[in-house]
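See structure below.
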Amino acid sequence: MSERHTPSPGSGPADEFGRDAVRLDEGHIEGTGGLPDRFENPGLPPHVARKADLDEKAAKRAEKQVVGLFTLSILATLGFIVAYFAFDPRQQVFVPFIGRMSASNLTLGLGMGLSLLGIGLGAVHWAKTLMPDEESVEMRHPMRSEDEAREGVAATFLNGAEASQLTRRPLLKAAAGTALGLFAVPPLLQVAGSLGPLPHDELSHTFWDGEKEGENKYAFTKPRLVRDPENTPIKATDVTIGSVYHVLPAGLLDLEHGVLEEKAKAAVLLIRLNPGDFADNELGRKALDWSHEGIVAYSKICTHVGCPVGLYEQTTHHLLCPCHQSTFDVTQDCKVIFGPAKRALPQLKITVDDEGYLIAEQPFKEAVGPSFWERG
Amino acid sequence: MTTHTSYPQSADALRASDRTARPGATAGQRKLGGVAGWVDDRTGAGKGVGYLMKKVFPDHWSFMLGEVAMYSMIICLLTGVFLTFWFVPSLGHTVYDGSYAPLKGVGMSEAYASTLNISFDIRGGLLIRQIHHWAALMFVVSLSVHMMRVFFTGAFRKPRELNWVIGSVLALLAAVEGFAGYSLPDDLLSGTGIRAMNGFMQSAPVIGSYLTYAVFGGAFPGEAIIPRLYSAHVLLIPAILIGLFTAHIVLVAVQKHTQFPGPGRTNDNVVGYPVMPVYAAKAGGFFFIVFGILALMGALFQINAIWAYGPYDPSPVTAGSQPDWYMWFTDGALRLLPGWLEFETFGFTWSMNIFPGSLLLLPLVYVLLAIYPFVEAWATGDKREHHLLDRPRNNPTRTAIGAAAIAAYTVLALACTNDIIAIKLHMSINDITIALRILLFVLPPIVFWVTKRICLALQAYDRDTVLHGRESGRLVRTAEGRFFEAHEPLDEYTRWKLVQQEIPQPLELESGVDANGVRSPKGKHAALRSRLSNFYYRDRVDAVTPSELEAAHHDGHGHEAIEPHDAPASVGTSAHATEDDMRS
Ligand code: HEM
Ligand code: FES
């Protein structure tokens, strides 16, 4: 009959290893007779031999399978080499169920894949059929070092502090600590300070504002609206009801540098509505007022995190941002009617010049694009 | 193995000496000579290598998940180095003149042009690119599932908390590394991702605009971001990944792998295969298998066809843009946060509709992950080392917490696909978004409750199996003519797995009231701790004890007659009610 294990709380391994562990280095353990509190670990089950352990024929068969897999790998490697030279990367083939694809990519990948798989499957099959399958047992020891060793380490450090006189000289300690605390400042300042320029007023202004003359001072010139990417001006009479144009300020596409940076702020959508379509409220009236006979221009940069707003539903006059589905109502000055954006798309007030081309009557009156702390 | 005995032994007997991993002298034993001897003469490496080769690793399919992660990472490193030979990390302008006809003559960045070259003009280049991307996805998937395995089996408990923290950092870095890599080709899709990242940073209170100007080296998009992401992607993050990963593996070797409970397995041994030859062949072979599968995926399945999107430009629209799946949850959170959370004070804008989902959520999720072991250990007051894994059912509260967390994560990730769901199911995107907002708060508690009940029911089922044996499929007729199914008693090896667990007790509330009847701050601490401990262990189903089994045998095949010996009555009955339900 098995004996009853009395847990010895708070002592050595029994504490480390769990409630039913007992110390075997403290002499005998008295059982109480009767049934134990818990079941006892029955130990490893008997080993069951595999076919290949008992039967040389089965072992031979396993060997053949492993050799077969390694041979497959060798052949696939040769196939890769042939395919590398045989196929031009541009050549296409049709593969059932998958479609047209590059013949070179297909054959190279198959060659490489099978060459690797042959080795891998061969090794694993070998291990499973022919290598010993009896489990062995290794003992664990508590992770912590012996008390003696721990005390030794503590003593070494204390002695070190003592010997360096750190403990006796507080001024030295303070100076060394401060110096060490500060030494990271120069490299950090260098990297943080030099990564990029300061934004100044750039986020609040766009190419529509005109030439920069100073902080928050721009020479506004009523630029024409041009098509993107054709770079051609737009006659108001060409914009029929229901059409949508991707628009930029004239001159932007002719820049030597910074086209993308300017585009990222200045892109505009031009839409023509029936003047009767605008909502009969303050928002609708303002939008119509800033329009040219129902042609409205709105910033295309989503006020959420800046994706280009680009889906226009003609029946509802809703603009939808493809990134997180913020929805803006064009008849109500592009106010947000659904989604994570908070602010309406800023409107660009437009009119026509003497030749009938659309121009901006004033720059954007607020910062376009995603929110930022000081946008005001 | 020469010291082989094939009869069962008690675990205590095992502890004494026999069947330890000590391969005896084999026929092929030779002295270390040649190069190995030369090296050992100069380094003494023989001792360590010999020790490592004999190390025992327990075997279980779920222990391969970490291996898959490790191998995928190595494959990313290998294929990534190849890609650097042809990839040009520059936003300098160029006009495409390669062999992909639809883009001939189009202006684009050198980064995009060189990725097109890798895909169309360099022999095998597309294969390496596709293996690299598939390996990256495999890396994050396997690492996540590996993490779940560790969580649900309690492998993070002492002494492995440190390795869990390292693992959490690895998981975070893997996602960041993947995002950086995904952004490098500068195609329209990934450029839109960078645009969103720019918006995220800009939303940070106070420092937002300075932050974006620093990271982008000026106005978005600028010319700095791709070179910077490149240096992060090929140098900075891989260096940290390799360092942490090495520490992770060394700790596994030093602490020895955990094992599932089973006959012969105790908290102070490891039962498994020695490295030489079995584990080496299996693990080494497995590397080739993972690599081989990734190569086949690279051959057969197209991934990230950047040529179809065109070069990045801030104004054209990309419909249905989505990041790689491991970033879905942050993007999903952005879709669920309602716009009215943004407000202004004194002319300054608080983008609470963006900032929490974009900048806070990612680190927050990983911090919560990293501190979990410490919360659980504190709540349960458990300071022992644990080398035997929990079966998930035997720790119902932990398992339920994990399931609820996965549920919340899944809702956020699904939110990232709300437009696709809307199209596929012909539903309004507004309805789906509102439904997901509600689900985010409602689903996790439901999942928690259901998971916990399932675990308790499974434990009760285990009890039942131990007490009444396993269904034999054999019908027996009683003298009165009634039929019942004969149950076979379990053999002791099978039984052990079902009775070995220790189900902890809730901590007693230490009196937090001092002599004058005043509650001390320490008392509040203790009260919180006791409440947490109760939350974990109040509902319990205890393992069958020998005397219960004895009693059940006397009792025949009827219902269990014994009261749970130390479970609080109220909950004990609920657990046993489930048990009755299962039997009726
Ligand atoms: C260890 C984890 C890594 C992950 C998760 C990862 C992930 C990615 C991903 C998702 C891409 C986009 C691939 C595409 O175009 O579809 C990428 C591109 C790239 N990666 Fe990695 N990568 C890793 C390591 C590395 C390393 C160590 C290097 C170099 C030493 C590297 C070099 C590159 C290069 C040059 C590209 C751009 C070429 C291209 O996109 O075709 N990667 N990476
Ligand atoms: S960027 Fe437009 S909704 Fe997010």
Side-chain angles (χ1 to χ4, degrees), chain A residues 16-19 35-36 39 41-47 89-90 105-106 108-110 112-113 116-117 119-120 123-124 127 131-132 134-140 143 195-197 199 202-203 260-261 263-264 267 305-308 310 322 324-325 336 338 340-342 370-373 375-376, chain B residues 6 8-11 19 21 56 99 124 126-127 159 195-196 199 202 206 208-209 213-214 217-221 263-264 267-271 277-278 281-282 285 288-289 291-292 295-296 298-299 314-315 317 319 334-335 337 339 342 347-349 351 353 385 429-430 492-493 496 499 546-547:
Chain A
E16 293 282 358
F17 282 124
R19 246 187 263 163
L35 288 168
F39 281 99
N41 193 328
L44 288 177
H47 175 239
R90 274 156 292 212
N105 186 63
L106 177 69
L108 292 179
L110 287 179
M112 188 162 159
L116 293 161
L117 273 179
I119 296 177
V124 171
M131 293 185 191
E134 283 162 63
E135 293 183 304
S136 13
V137 179
E138 197 177 84
M139 301 317 294
R140 292 181 192 276
M143 292 312 302
L195 273 174
E202 286 184 20
L203 288 174
L260 293 186
E261 288 74 12
K263 245 189 176 179
V305 293
C307 290
H324 315 99
Q325 286 77 44
V336 181
F338 186 75
K342 157 86 179 216
S371 303
F372 54 97
W373 179 249
R375 65 178 293 281
Chain B
S6 61
Q9 303 154 294
S10 84
R19 290 201 62 184
V56 167
S99 53
L126 180 62
L127 181 65
R195 174 50 154 158
Q202 207 166 301
V206 187
S209 47
Y213 267 64
F220 170 87
N267 203 31
D268 48 8
N269 73 11
V270 204
V271 180
V278 182
K282 279 192 179 172
F288 285 88
I289 293 179
F291 203 165
L296 288 186
S315 81
V317 177
L334 283 180
R335 294 176 192 221
L337 284 165
E342 178 172 302
F348 294 115
T349 307
S351 293
N353 55 336
E385 286 191 8
I429 197 154
N430 303 17
E492 60 175 335
Y493 302 113
W496 174 244
V499 298
S547 38

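Every chain is numbered from 1, with letters handed out A, B, ... down the list of sequences.
- Residue Ala264(A) touches chain B through both its backbone and its side chain, counting heavy-atom pairs closer than 4.5 Å.
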Legend entry - Verdict with supporting geometry, Lys342(A) and Ser371(A), side chain to side chain contact (heavy atoms under 4.5 Å, CB included): CA-CA 9 Å; Lys342(A) 157 86 179 216; Ser371(A) 303; 5.9 Å; no
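- Heavy atoms closer than 4.5 Å to chain B are found in the side chain of Ala267(A), but not in its backbone.
- For Ser351(B), the part sitting under 4.5 Å from any heavy atom of chain A is the side chain, from C-beta outward, and nothing else.
- Of all the listed residues (Leu203(A), Leu110(A), Leu108(A)), the one sharing the greatest number of non-hydrogen pairs under 4.5 Å with chain B is Leu203(A).
- Contact count against chain A (heavy-atom pairs under 4.5 Å) is highest for Ala214(B) among Ala281(B), Ala196(B), Ala214(B).
- When each of Val56(B), Val271(B), Val270(B), Val278(B) is checked for a side chain to side chain contact (heavy atoms under 4.5 Å, CB included) with Glu135(A), only Val271(B) meets the rule.
- Between chain B and the options Ala127(A), Gly306(A), Ala123(A), heavy-atom pairs under 4.5 Å are most frequent for Gly306(A).
- Residue with the most contacts toward chain A among Gly124(B), Pro277(B), Gly208(B): Pro277(B) (heavy-atom pairs, distance under 4.5 Å).
- Each of Ser99(B), Ser315(B), Ala295(B) has some count of heavy-atom pairs under 4.5 Å with chain A, and the biggest count is that of Ser315(B).
- When each of Pro370(A), Pro340(A), Ala341(A) is checked for heavy-atom pairs under 4.5 Å with chain B, Pro340(A) comes out on top.
- In this structure, chain A has a heavy atom under 4.5 Å from the side chain of Pro159(B), while its backbone stays farther away.
- Only the side chain of Gln325(A) comes within less than 4.5 Å of a heavy atom of chain B; its backbone N, CA, C and O stay farther away.
- For Leu127(B), the parts sitting under 4.5 Å from any heavy atom of chain A are the backbone and the side chain alike.
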